[in-house]
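The first residue in the sequence is number 1, and the count goes up from there. No experiment lies behind these values; they were computed from the predicted model shown.
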Amino acid sequence: MKKLIALFFITVIQNLYSQQTPSLVFDKHYADLVNRHVAFPSLKTNGSFVAAYIYLDPKEGIFAHYEKSFHFGPNNELISDGIDTNELHRIRLGRAYNFKLAELNNEHCALLNLPIQPNSVAYYQYTSEQRLFLTGKYLNDDREFERAQPFLEQLHQQQAHFPDLEIQLAYCYNGQRRYDLTIALLPKAMEHNPNEPLFYKELAFAFLNSGMTTMAEKTYQQCLERTQDANLKSEIGASMAYYFYLQKKEEPFKTWCKVVADNASAGSQYFLLLEQLERNWNNRPTQELQIKN
């Protein structure tokens, strides 16, 4: 009888505790949970869930570091299953793995006996500025420009000339076809650093796609004057040659073809494009096409 009473009280306490512990909601994007514990359905075992820690790798991207597996009990409580060696130790989140996550709060972490931070990622320490920049940059890399924008703009408000920030913002804006924002941003960046060729490249791209062809040509020329990178010169020459190919303007087409010919190595994508455009000059599309980023 005493055992039954004890079991009854244990069951009641467990039920009360499970009711007080917030349920998991799988509705978060990984970029919003950097330096947090998260949960998501196992990619290996049906009915199992993974507890992981989201962190920034300084070179490779945003990762989920596997901590342990768990399942839900009859009252929706979290029950640890320990380490499952079949699970992926770490996952590069982004295009290939972009699923909704649930954030694990302190109560969840206590139930699963999770550390404040896994030892293996403890040495990845960043300032708040570095965290904002890397998060935005890696989202840009995955072409999630809309999600990258608030991270980069928040940092821009705090430190406008943070290294490489303005070029990442320009990528972000151009990727969304917000050319007006690029045109407003980069002249100020150029005042601070007038010799960065990528500023001119992205600004020229924004001009070109805004119908400001003269400004685009002028700005691309300024880019060429500021770089010794033959690949960058070839890319610019190919972009403008293709633009004037579509516009059926032979003289500027030839001018930009020369930029490619002077810089592109034989067999490169730019050299092959140049050959194709010259070969098909008389079979050009009749419609004007917009240059893509």
Side-chain angles (χ1 to χ4, degrees), residues 95 137 140-145 148 163-293:
R95 292 189 193 182
K137 177 186 181 301
N140 267 354
D141 291 346
D142 290 326
R143 302 190 68 80
E144 291 203 55
F145 302 118
D164 295 329
L165 170 62
E166 288 149 317
I167 194 62
Q168 287 295 329
L169 258 178
Y171 291 153
C172 176
Y173 293 151
N174 281 345
Q176 298 177 77
R177 300 183 180 181
R178 292 302 312 274
Y179 307 121
D180 57 320
L181 296 179
T182 301
I183 292 169
L185 170 74
L186 287 181
K188 298 175 183 177
M190 291 170 176
E191 290 177 7
H192 180 257
N193 182 4
N195 295 315
E196 173 52 66
L198 294 180
F199 289 162
Y200 296 85
K201 174 179 177 286
E202 291 302 312
L203 180 59
F205 180 86
F207 282 142
L208 188 63
N209 282 277
S210 299
M212 304 166 70
T213 309
T214 301
M215 290 296 296
E217 281 201 276
K218 177 182 176 182
T219 309
Y220 271 137
Q221 288 289 356
Q222 291 173 316
C223 179
L224 295 177
E225 293 166 4
R226 287 166 172 80
T227 184
Q228 299 300 316
D229 186 338
N231 192 64
L232 178 57
K233 290 182 177 183
S234 300
E235 179 186 351
I236 290 171
S239 294
M240 289 304 294
Y242 183 63
Y243 177 81
F244 286 115
Y245 169 87
L246 296 175
Q247 298 294 318
K248 303 182 179 181
K249 295 182 179 179
E250 188 169 6
E251 287 307 312
F253 170 76
K254 290 181 177 179
T255 298
W256 288 102
C257 281
K258 187 176 186 306
V259 175
V260 180
D262 290 346
N263 292 280
S265 57
S268 70
Q269 60 176 322
Y270 305 117
F271 194 86
L272 294 175
L273 174 63
L274 176 61
E275 288 185 331
Q276 181 181 359
L277 296 182
E278 290 177 333
R279 186 167 57 248
N280 296 331
W281 176 255
N282 293 322
N283 298 313
R284 300 183 305 284
T286 56
Q287 73 275 20
E288 178 182 336
L289 300 180
Q290 188 174 42
I291 302 297
K292 295 182 179 180
N293 196 359

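Here OG of Ser234 is found 10.0 Å from CG of Leu274. Values are rounded to the nearest 0.5 Å. A distance of 8.0 Å separates CG of Asn263 from CG of Leu224, quoted to the nearest 0.5 Å. Atom NZ in Lys249 sits 6.0 Å away from atom OG1 in Thr213 (nearest 0.5 Å). Here the NZ atom belonging to Lys137 is positioned 12.0 Å from the CD1 atom belonging to Ile167, to the nearest 0.5 angstrom. If you take NZ on Lys248 and CH2 on Trp281, they are separated by 9.5 Å, rounding to the nearest 0.5 Å. Of the inter-residue distances, the one linking Leu203 atom CG with Leu198 atom CG reads 12.0 Å to the nearest 0.5 angstrom.
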Step by step, work out the side-chain contact (heavy atoms from CB on, under 4.5 Å) result for Arg143 and Arg95. CA-CA 9 Å; Arg143 302 190 68 80; Arg95 292 189 193 182; 3.0 Å; yes

Step by step, work out the side-chain contact (heavy atoms from CB on, under 4.5 Å) result for Phe253 and Gln247. CA-CA 9 Å; Phe253 170 76; Gln247 298 294 318; over 6 Å; no

Working for side-chain contact (heavy atoms from CB on, under 4.5 Å), residues Leu186 and Glu202: CA-CA 8 Å; Leu186 287 181; Glu202 291 302 312; 3.9 Å; yes

Would you check, one step at a time, whether the test side-chain contact (heavy atoms from CB on, under 4.5 Å) holds for Phe244 with Thr255? CA-CA 10 Å; Phe244 286 115; Thr255 298; over 6 Å; no

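At least one side-chain heavy atom of Glu235 sits under 4.5 Å from a side-chain heavy atom of Lys201. When side chains are defined from C-beta on, Cys223 counts as touching Leu232, because their heavy atoms get closer than 4.5 Å. Contact of the Cys257 side chain with the Leu277 side chain is not registered, since no non-hydrogen atoms from C-beta on lie closer than 4.5 Å. A heavy-atom distance below 4.5 Å is not found between the side chains of Tyr173 and Ile183.
Looking at every heavy atom in both residues, Ser265 comes nearest to Phe271 through O-CB, 3.4 Å. Between Ala170 and Thr182, the closest heavy-atom pair is O-OG1, 3.8 Å. Listed here is the closest heavy atom pair of Val260 and Ala238: CG2-N, 3.3 Å. Between Leu272 and Gly267 the shortest heavy-atom distance is CD1-O, 3.6 Å.
Pairs of residues two or more places apart, or lying in two chains, that qualify as side-chain hydrogen bond (donor to acceptor under 3.5 Å, both in side chains) and include a residue from residues 217-226 are Tyr200-Arg226, Glu217-Trp256.
Checked for salt-bridge contact, Asp229 and Lys233 miss the test: no charged N lies under 4.0 Å from a carboxylate O.
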